[in-house]
Each structure stands twice: as C-alpha cells, then as structure tokens.
Amino acid sequence: MDNINLEIPDLLRRHFPFLRESSLQKEIALVGAIHHFKEGEILMNFGSYIKSVPLLVKGAIKVVREDDVDGKELLLYFLHAGQTCSMSFSCCMMNKKSDIRTTVEDDATLIAIPIKYVDEWMGKYSSWKNFVMQSYDSRMREMVRTIDSIAFRKMDERLLEYLYQKSKVHQSKILFATHQEIADDLNASREAISRLLKKLENSNRVRLERNKIHIL
DNA sequence: ACATTAAGTGATT
DNA sequence: AATCACTTAATGT
C-alpha cells in the first residue's frame, strides 16, 4: 500500500497543476507508473486495446491515422507535456480497439494511469472530470483545424504549418526528417514536398540539407 | 569502388 | 497535385 511513487507529486505540480485535489494527487502517485520512451517507439498501434491512459510529462507524441485501404498515413496532431490522449479516454471507456497509432516524436516521459481509475475519478474529483472534458474539447478543436486545413488550405500553407509545429515540439530550428517522411505525414507525394521546400529555400525561409531542414 | 537511399527535375495526366 | 521515369548527390559498406 505504500509504494507511492515519490516523483509523481512533483511532476503533477509542474505539468498538471489543475489536478488540484490532494487526495487525487495521492491516488495518482499510488497507481500511476512512470515510463520513459525513446524517439520513434510505437506507443499504441491500430487495433490494440488500451490498458492505461497516459499523462504526458515530457517530450512529444505524434498521433497518426492510417487509411486501411491503401495504407497511407495522415498526421492528426502532436501531444505535448501537460496533455493526454483523449482518444485513449474514449477507447478505454468503451473498451474499443484503437483507431490510431501513436509514436514518440521526441523522447517522452509519461505517467500511466490504469483505465479503471479514469472512470472512477470522474465521479470523485471535479478537477479530473474537468481535465477529461477539456481534453476532449481541445482535441476536438485541434481536429477541426486539421480538417479544414486539409479541406481548404493549399499544400504550401499546410507544409509551413507542419514545419512550424514540428519545430515547436522539438524546440529546435533544425528538423531531422526526409522529404518522404514529411510527405507521408501530410499525405502528399514526395516530389510535391521537395518542390515546395525548394521554393521555401529560394525565398530564404529554410535551408535544406540531406535529412535536415533549417528553419530561418 | 560499389550499392543504397535521398533529393531534384521534366513530362504527362 | 499525383505519378512516372529518370538523374544527381550523399552516405554507408
């Protein structure tokens, strides 16, 4: 009963201050487990069941949707510290298989909460309920943004937005990615991305190297 | 030196 | 903007 994780209270204070009930914090420290993941690791794949909900404390996670017909991918959004995967809420509450894949974009640390508590705490702690609700809300908004960027915006704008996001999640002006990887994330052809990047280079917005993009 | 992979380019639809 | 068919450049063995 007393294998309380001593790191957790501090992590919560720093990244999830809005989970303010001290008894909630204590419970999280009791049942939560800290995990570290390296860049590129797959956290959750299509079709797998989710056994815990992650509270992201460090790094970034990429959430991707894959078309089951032709296997093409599409980047949905990035998760940052202080956030959680709201897909995992609905998945675990409905006990459904995952529709998405999440991979580690930048070395990540998270607190894994076993799903049985997610529901239990909804009734018990108002700040937890708010957290869950707000996660849904902000994801929903993010998703709408992604949808209309696909529907209404041109590829060059989408690419700029992508570079900006990626630079933000890595907190770096230098991005390590091939044109092919970018094309996959944006569901575009490699040639199109190469040409657009070339344009950006000519207008001095970026500098290109093999596997590398400097944002200027 | 050779093979492999990433990136650049023009033509075609 | 996608696809094809190449070429050129960079990198690994």
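Chain identifiers are assigned alphabetically (A, B, ...) following the order of the sequence lines, protein sequences preceding nucleic acid strands; residue numbering begins at 1 within each chain.
Between the CE atom of A:Met155 and the C1' atom of C:dA2 there is a distance of 12 Å, given to the nearest Å. We find that CZ of A:Phe176 is positioned 13 Å from P of C:dT11, with the value rounded to whole Å. Between the CD atom of A:Gln180 and the P atom of B:dT5 there is a distance of 13 Å, rounded to whole Å. Distance A:Ile193 CD1 to C:dA1 P: 9 Å, rounded to the nearest Å. The CD1 atom of A:Ile150 sits 14 Å away from the P atom of C:dA1 (whole-angstrom rounding). Taking atom CZ of A:Arg153 as the reference point, atom C1' of C:dA1 lies 17 Å away to the nearest angstrom.
Using a 3.5 Å distance cut-off with no hydrogens or angles, the side chains of A:Gln165 and A:Glu161 do pair a donor with an acceptor.
A salt bridge is defined here as a Lys NZ or Arg NE, NH1 or NH2 lying under 4.0 Å from an Asp or Glu carboxylate O, and A:Lys124 with A:Glu120 meets this definition. One finds a salt bridge joining A:Lys62 and A:Asp185 here, because a Lys/Arg side-chain nitrogen approaches an Asp/Glu carboxylate oxygen to under 4.0 Å.
Between B:dG8, C:dA2, C:dT3, one nucleotide has an atom nearer to the side chain of A:Glu191 than all others, and that is C:dT3.
If you check residues 195-212 of chain A against DNA chain C, the residues with a heavy atom closer than 4.0 Å are A:Arg195, A:Arg210, listed by number.
Heavy atoms of A:Thr178 sit under 4.0 angstrom from primed sugar atoms or phosphate atoms, though from no base atom.
Judged purely by atom type and a 3.5 angstrom limit, A:His179 has no side-chain atom pairing as donor or acceptor with the backbone of A:Arg190.
Ring geometry for A:Phe16 against A:Phe131 counts as perpendicular: the plane angle is over 60°, on a 0 to 90° scale with 30° as the lower cut.
Of the side-chain N and O atoms in A:His179, none sit less than 4.0 angstrom from OP1 or OP2 of B:dT5.
If you take OG on A:Ser86 and CG on A:Asp137, they are separated by 10.0 Å, rounding to the nearest 0.5 Å.
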